[in-house]
Undergrad: 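One structure coming up, written as structure tokens, with questions to follow.
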Amino acid sequence: MNRSFKIGSNRSAGHRPGPTAGRLLKLTIPTREGIFLAHYSETGLAGLDFPKAKGRTAFKNGGRRSEVGMSVNDPAGRLRQKNILRWHRTTTAALKAVLAGRAAKNLPPLDWTGKTEFQQAVWRELLKLGPGETKSYGEIAEAIGKPKAVRAVGGACGTNPIPVLVPCHRILAANKKIGGFSGGLERKRSLLKREGVNL
DNA sequence: CACTCGATCAGCG
DNA sequence: CGCTGATCGAGTG
């Protein structure tokens, strides 16, 4: 019955949706692990990419890329840049904290435009987990009131656009085994280890 | 609409 | 252990 539907997309508003709709700027975050890439929209952080290659300058253009809607001549564009740069400082601090096994003090606004209600429900649930606190896919399913949607929860974790900050690495399989991770199991293990989790 | 595919899970041998 | 069926959401044509 209740079929999935997308939220917040501009589809009916006469804007153009497009695959990268709303993604205005990509900024890099250098860390010990390598260079992360944060994607920002007009309303917040929309994506976070793991470093491409270990310890290398993985992104061309120095990681700073202006796109449509970011014109510095346009007052609105300037405002967006200002917001984004502020969010980026928050993102950077948060990422470094989690990579160090500590809790993020605060997060930038997260832009989940175009994602389904189900996915957002899962991700919101993940945000409740602190460092070292793990749950199983089944427990998340239960928590969002869909106890049987176990595999679907796995699916939502796998499409989480903002890993690390939305801590999908804290979701384990039922038997406290590692489960999967789109960013690579080694990364999941390493993140968990730094949070003091023993498998 | 009718498929297919999963970062699942519990049960059973 | 390994195998299997149940079950749900997302993606595809």
Side-chain angles (χ1 to χ4, degrees), chain A residues 1-13 15-23 31 33-34 36-39 41 43-54 94-95 98-99 101 103-104 107 110-199:
Chain A
M1 40 164 161
N2 97 64
R3 322 182 22 94
S4 65
F5 67 105
K6 307 206 189 259
I7 297 199
S9 80
N10 299 330
R11 212 167 306 243
S12 50
H15 296 232
R16 84 199 71 234
T20 56
R23 273 152 115 110
T31 73
E33 335 269 311
F36 286 71
L37 186 63
H39 302 242
S41 74
T43 56
L45 176 65
L48 183 63
D49 298 344
F50 282 111
K52 301 238 191 263
K54 238 181 185 175
L95 177 62
V98 179
L99 289 181
L107 295 178
L110 306 181
D111 180 4
W112 287 333
T113 300
K115 306 304 180 180
T116 69
E117 184 55 64
F118 178 85
Q119 291 170 320
Q120 297 188 38
V122 171
W123 302 335
R124 278 193 302 270
E125 203 58 38
L126 300 190
L127 284 177
K128 297 181 184 172
L129 299 176
E133 188 180 355
T134 65
K135 276 191 175 173
S136 70
Y137 297 93
E139 286 172 320
I140 297 294
E142 186 118 347
I144 63 174
K146 307 201 173 187
K148 286 181 273 192
V150 183
R151 300 195 67 176
V153 165
C157 290
T159 58
N160 169 21
I162 310 177
V164 186
L165 299 189
V166 177
C168 48
H169 61 280
R170 296 184 187 138
I171 308 304
L172 306 178
N175 34 16
K176 287 285 183 196
K177 284 198 293 207
I178 184 76
F181 197 62
S182 5
L185 284 182
E186 290 184 27
R187 235 179 227 132
K188 184 172 184 176
R189 272 189 274 266
S190 135
L191 285 165
L192 286 170
K193 183 172 184 180
R194 272 172 278 173
E195 298 182 3
V197 176
N198 297 314
L199 308 165

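A, B, ... follow the sequence lines: proteins, then strands. Residue 1 opens every chain.
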Undergrad: Under 4.0 Å between a Lys/Arg side-chain N and an Asp/Glu carboxylate O for A/R187 and A/E33?
TA: no
Undergrad: Flag the pair A/R124 and A/E117 as a salt bridge only when some basic side-chain nitrogen lies within less than 4.0 angstrom of an acidic carboxylate oxygen.
TA: yes
Undergrad: In whole Å, I'd like the distance from the CD atom of A/E125 to the C1' atom of C/dG9.
TA: 17 Å
Undergrad: Would you classify A/T159 as touching base, sugar-phosphate or nothing, given that sugar-phosphate means primed atoms plus P, OP1 and OP2, and contacts are heavy atoms under 4.0 Å?
TA: nothing
Undergrad: Write down the partner of C/dG2 under the Watson-Crick or G-U wobble criteria, each distance required to be under 3.5 Å.
TA: B/dC12
Undergrad: Whole Å only: how far is the CD atom of A/Q119 from the P atom of C/dC8?
TA: 17 Å
Undergrad: Rounded to whole Å, please give me the gap between CZ in A/F50 and C1' in B/dA7.
TA: 13 Å
Undergrad: Below 4.0 angstrom from OP1 or OP2 of C/dC8, is there any side-chain N or O of A/K146?
TA: no
Undergrad: Please classify the nucleic acid contact of A/G158 as base, sugar-phosphate, or nothing, using heavy-atom distances under 4.0 Å.
TA: base
Undergrad: Please report, rounded to the nearest Å, how far the P atom of B/dA7 is from the CH2 atom of A/W123.
TA: 15 Å
Undergrad: Rounded to the nearest Å, what distance is computed from the CG atom of residue A/L172 to the C1' atom of nucleotide B/dC9?
TA: 14 Å
Undergrad: Answer yes or no: does atom CD of A/E142 have more than 12 heavy-atom neighbours from other residues, nucleotides or ligands under 6.0 Å?
TA: no
Undergrad: In terms of the nearest nucleotide of DNA chain B, which residue is placed more toward the 5' end: A/S136 or A/A152?
TA: A/A152
Undergrad: Just how far, in rounded Å, is C1' of B/dC5 from CZ of A/R151?
TA: 8 Å
Undergrad: Closest approach to the side chain of A/K148, judged atom by atom: which nucleotide of B/dC9, C/dA10, C/dC8 is it?
TA: C/dC8
Undergrad: Do A/T159 and A/K115 pass the side-chain hydrogen bond (donor to acceptor under 3.5 Å, both in side chains) test, and can you show the C-alpha distance, the side-chain angles, and the key distance before you say yes or no?
TA: CA-CA 10 Å; A/T159 58; A/K115 306 304 180 180; over 6 Å; no
Undergrad: Are the charged groups of A/E125 and A/K146 less than 4.0 angstrom apart, N to O?
TA: no
Undergrad: Mapping A/V150 and A/K177 to their closest nucleotides on DNA chain C, which lands nearer the 5' end?
TA: A/K177
Undergrad: By nearest atom, which of the nucleotides C/dG9, B/dA10, B/dT8 is closest to the A/A174 side chain?
TA: B/dA10
Undergrad: With a 3.5 Å limit on both atom pairs, tell me what C/dT7 is paired to, counting Watson-Crick and G-U wobble, or say none.
TA: none
Undergrad: Write down the distance between CG (A/N175) and C1' (B/dT8), rounded to a whole number of angstrom.
TA: 10 Å
Undergrad: Tell me: CG of A/N160 to C1' of C/dA10, nearest whole Å?
TA: 16 Å
